[in-house]
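Numbering of ligands and ligand atoms starts at 1, following listing order. Start at 1 with the first residue, then count along the sequence.
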Amino acid sequence: MSRVYNFSAGPAVLPEEVLREAADEMMDYRGCGMSVMEMSHRSKVYDNIIKEAEADLRELMNIPDNYKVLFLQGGASQQFAAIPMNLMKNRKAGYIVTGQWAKKAYQEAKMYGEAVELASSADETFSYIPDCSDLDIPEDLDYVYICENNTIYGTKFKELPNTKGKLLVADVSSCFLSEPVDVTKYGVIYGGVQKNIGPAGVVIVIIREDLITDDVLPGTPTMLKYKTQADADSLYNTPPCYGIYICGKVFKWIKNMGGLEAMKKHNEEKAKILYDFLDESKLFKGTVRKEDRSLMNVPFVTGDADLDAKFVAEAKAAGFENLKGHRSVGGMRASIYNAMPKEGVEALVAFMKKFEEENA
Ligand SMILES: *Cc1c(COP(=O)(O)O)cnc(C)c1O
């Protein structure tokens with residue numbers, strides 16, 4: 001068996017310990033005589049799996065009792081619609097557009113009401129986070145929406161926007177569990193798990209209880225109503241059982257690593273290795289304003305598309321996979337999520353140094 005260093009933006013690298021444990025339990029989950037894939041979601045055994053996953057997530061993120069945790073399907077993209085359907089009581093919401101995912105959410109919201117663009121960094125190809133300390137926030141907004149870590153462009157909100165008392169809704173798909181978070185600052189935190197937590201097919205929604213009501217937009221499908229899912233503890237219909245089971249294992253892995261404080265330290269160390277090199281390199285350049293750099297997604301370029309392509313091809317041959325930048329940006333992107341070991345980043349930097357010497 002040989003494993004590569006996988007820098008994919010998502011679905012992405014998972015901890016090897018988790019994969020091994022899942023492999024061990026594949027044929028016979030703890031004496032059940034069947035795989036978790038094969039068991040009823042109404043069984044006692046599965047009930048323990050989903051309850052334990054929720055308890056561990058609550059402990060990791062210090063989620064207060066007045067927030068519900070939902071394990072849903074449909075990916076982060078389905079939440080682009082679910083959020084306005086459930087929360088747009090005045091049919092007016094503010095969006096901070098810092099990249100493609102925020103823009104998609106903003107465009108989706110327009111189908112349900114007035115979506116106001118409160119700020120944008122489109123003018124400089126989303127390479128920075130706009131100043132959100134004193135935005136013009138209309139009085140009748142239902143919520144303010146952000147994409148907290150911009151997976152494609154490699155920026156991250158280091159400070160949450162000043163919403164002036166309005167509800168904050170955040171897509172944290174690509175920074176989920178990468179550092180401690182104060183859940184009380186948000187009305188809704190949600191993310192697809194395939195970036196930092198588990199296999200594609202699960203989206204986790206953490207939502208303040210008072211926001212879960214029957215007062216949703218007309219025509220909201222039963223499945224997209226948070227109340228349906230909350231009342232049934234995410235078991236209204238068959239949930240993505242196996243995915244949730246893997247998420248639960250990753251939660252335990254993070255707990256064993258020391259929790260979110262330790263995760264943050266580990267992620268800062270890894271990112272520093274790569275950013276320090278980009279700052280001193282004569283060939284490679286980071287594309288993002290320094291103070292807004294993501295710890296998770298690191299885009300960089302040589303400035304020459306042919307050389308970029310050569311780098312990606314040679315890196316792949318050397319065991320560094322998925323370094324090609326998003327098709328909308330070009331260049332390269334190294335996603336260095338929680339499960340990417342420090343050695344992976346060190347090896348990548350060593351390879352980049354060698355490439356730079358050979359192509360000087
Ligand atoms: C990947 C990603 C999405 C889309 O996730 P899907 O689960 O594929 O819908 C949305 N937002 C962010 C920030 C992402 O990184």
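- Each of Asp308, Asn6, Leu348 was checked for a side chain to side chain contact (heavy atoms under 4.5 Å, CB included) with Leu323, and the lone residue meeting it is Leu348.
- Using 4.0 Å as the threshold, Ala76 has a heavy atom nearer than that to some atom of ligand 1.
- Heavy-atom separations between Cys147 and ligand 1 include at least one value shorter than 4.0 Å.
- Between Lys270 and Asn267, the side chains place a donor N or O and an acceptor N or O closer than 3.5 Å (distance only, hydrogens not considered).
- Within 6.0 Å of NZ on Lys255 lie more than 12 heavy atoms contributed by other residues, nucleotides or ligands.
- Heavy atoms from other residues, nucleotides or ligands lying under 6.0 Å from CD of Glu291 number more than 12.
- Within the 4.0 Å heavy-atom shell around ligand 1 one finds Gln194.
- Within the set Asp171, Asn150, Asn297, Asn196, the minimum heavy-atom distance to atom 12 (C) of ligand 1 is found for Asp171.
- Protein heavy atom at the shortest distance from atom 9 (O) of ligand 1 is Ser77 OG, 2.6 Å.
- Between Thr213 and Lys89, the side chains place a donor N or O and an acceptor N or O closer than 3.5 Å (distance only, hydrogens not considered).
- Closest to atom 1 (C) of ligand 1 by heavy atom, among Met296, Lys195, Gln100, Glu148, is Lys195.
- Under a 4.0 Å criterion applied to the non-hydrogen atoms of Thr151, ligand 1 contributes the atoms 12 (C), 13 (C), 14 (C), 15 (O).
- Side chain to side chain, Asn297 and Tyr337 meet the donor-acceptor criterion of an N or O pair below 3.5 Å.
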